[in-house]
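Take a look at the structure set out below.
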Amino acid sequence: MTTTDQSVLKIYSDRAYEHTTMVRHQGTTLAFAMDDKRRLVCTVLDLSAYDAERGELDAAYWSENPVELPFPNEIVKVGYALVGATAMPVVKKGGRTEARPQDELEPEETDRFLSTTARLTVSPGRPERVTPPGVRGAALAPHTRCGAVPARLTGRRGPSR
């Protein structure tokens, strides 16, 4: 990669990214990525205000660091609202087995991906439609393998068509 290429690209090297996609929502560009551990992150291109120190290239206006997408830690079966939500099993960081009910883990000890519905929505090796809380019909570009659109960004309601 040449020096010229590096000045027009925003490169995040905090983890190994395997799949990426970008979407536009009401004029704002969002980039989503899945890392080698199946974690989903998002970054925003904020062109709302020019900054002379940053310059004119778009690369300088991406978020400083991508943010991991949050997912709920409980699930509800459709049509069974009276029964209530079922909590997802808690998984300790660094492991893949569910903690025992008597184990009380602090939030920083909990794997935020494996202890939420995220583990139900992401499968490596096949196209996915990732739907964080309250999202229905989030569009996935046909050329991508991973896509995500948080509810507050879609503005759409109802099943996908």
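Keep in mind that this is a model prediction, so the values were computed, not measured.
- By the 4.5 Å heavy-atom criterion applied to side chains, Ile75 and Leu120 are counted as neighbours.
- When all heavy atoms of Tyr61 and Ala49 are compared, the pair lying nearest together is CE2-O, 3.5 Å.
- Here the closest heavy-atom approach between residue Phe113 and residue Arg38 is recorded as CE1-O, 3.1 Å.
- Taking each heavy atom of Val91 and Gly95 in turn, the nearest pair found is CG1-O, 3.6 Å.
- Taking 4.5 Å as the limit, some side-chain heavy atom of Asp111 sits within range of a side-chain heavy atom of Arg39.
- The shortest non-hydrogen separation linking Arg15 to Asp35 is NH1-OD2, 3.0 Å.
- Contact check on Glu68 versus Lys37 returns no salt bridge, with no Lys/Arg side-chain nitrogen under 4.0 Å from an Asp/Glu carboxylate oxygen.
- Rounding to the nearest 0.5 Å gives a distance of 11.0 Å between NZ of Lys93 and CG of Leu105.
- Summarising the local packing, CD of Glu108 is surrounded by more than 12 heavy atoms from other residues, nucleotides or ligands at distances under 6.0 Å.
- Counting non-hydrogen atoms of neighbouring residues, nucleotides and ligands closer than 6.0 angstrom, the OH atom of Tyr50 exceeds 12 such neighbours.
- Here Asp46 contributes atom CG and Leu30 contributes atom CG; the two are 10.5 Å apart, rounded to the nearest 0.5 Å.
- The nearest pair of heavy atoms linking Glu106 to Glu109 is N-OE1, 2.7 Å.
- You'll find the side chain of Met22 stays beyond 4.5 Å of the side chain of Leu45, heavy atoms only.
- Not one N or O on the side chain of Ser115 forms a donor-acceptor pair closer than 3.5 Å with the backbone of Arg112.
- The closest side-chain heavy-atom distance from Phe32 to His19 is not below 4.5 Å.
- Counting non-hydrogen atoms of other residues, nucleotides and ligands closer than 6.0 Å to CD of Gln102 gives a total above 12.
- To the nearest 0.5 Å, atoms CG (Leu47) and OG1 (Thr28) are separated by 8.5 Å.
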### Message
side-chain contact (heavy atoms from CB on, under 4.5 Å) for Thr29 and Trp62? Distances and angles first, verdict last.
### Response
CA-CA 9 Å; Thr29 302; Trp62 284 100; 3.8 Å; yes
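- Between the OG1 atom of Thr21 and the CG atom of Leu40 there is a distance of 11.5 Å, given to the nearest 0.5 Å.
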### Task
Could you please spell out the steps behind the side-chain contact (heavy atoms from CB on, under 4.5 Å) verdict for Tyr17 and Val41?
CA-CA 10 Å; Tyr17 294 103; Val41 296; 3.5 Å; yes
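- Residues Arg119 and Leu114 share a closest heavy-atom pair of CD-O, 3.0 Å.
- Residues Met88 and Val76 fall into different hydrophobic clusters, defined by Ile, Leu, Val, Met, Phe, Trp and Tyr side chains chained together at heavy-atom separations under 4.5 Å.
- Rounding to the nearest 0.5 angstrom, the gap separating the OG1 atom in Thr116 from the CD atom in Glu74 is 11.5 Å.
- At distances below 3.5 Å, at least one donor-acceptor pair connects side-chain atoms of Ser63 with backbone N or O atoms of Val44.
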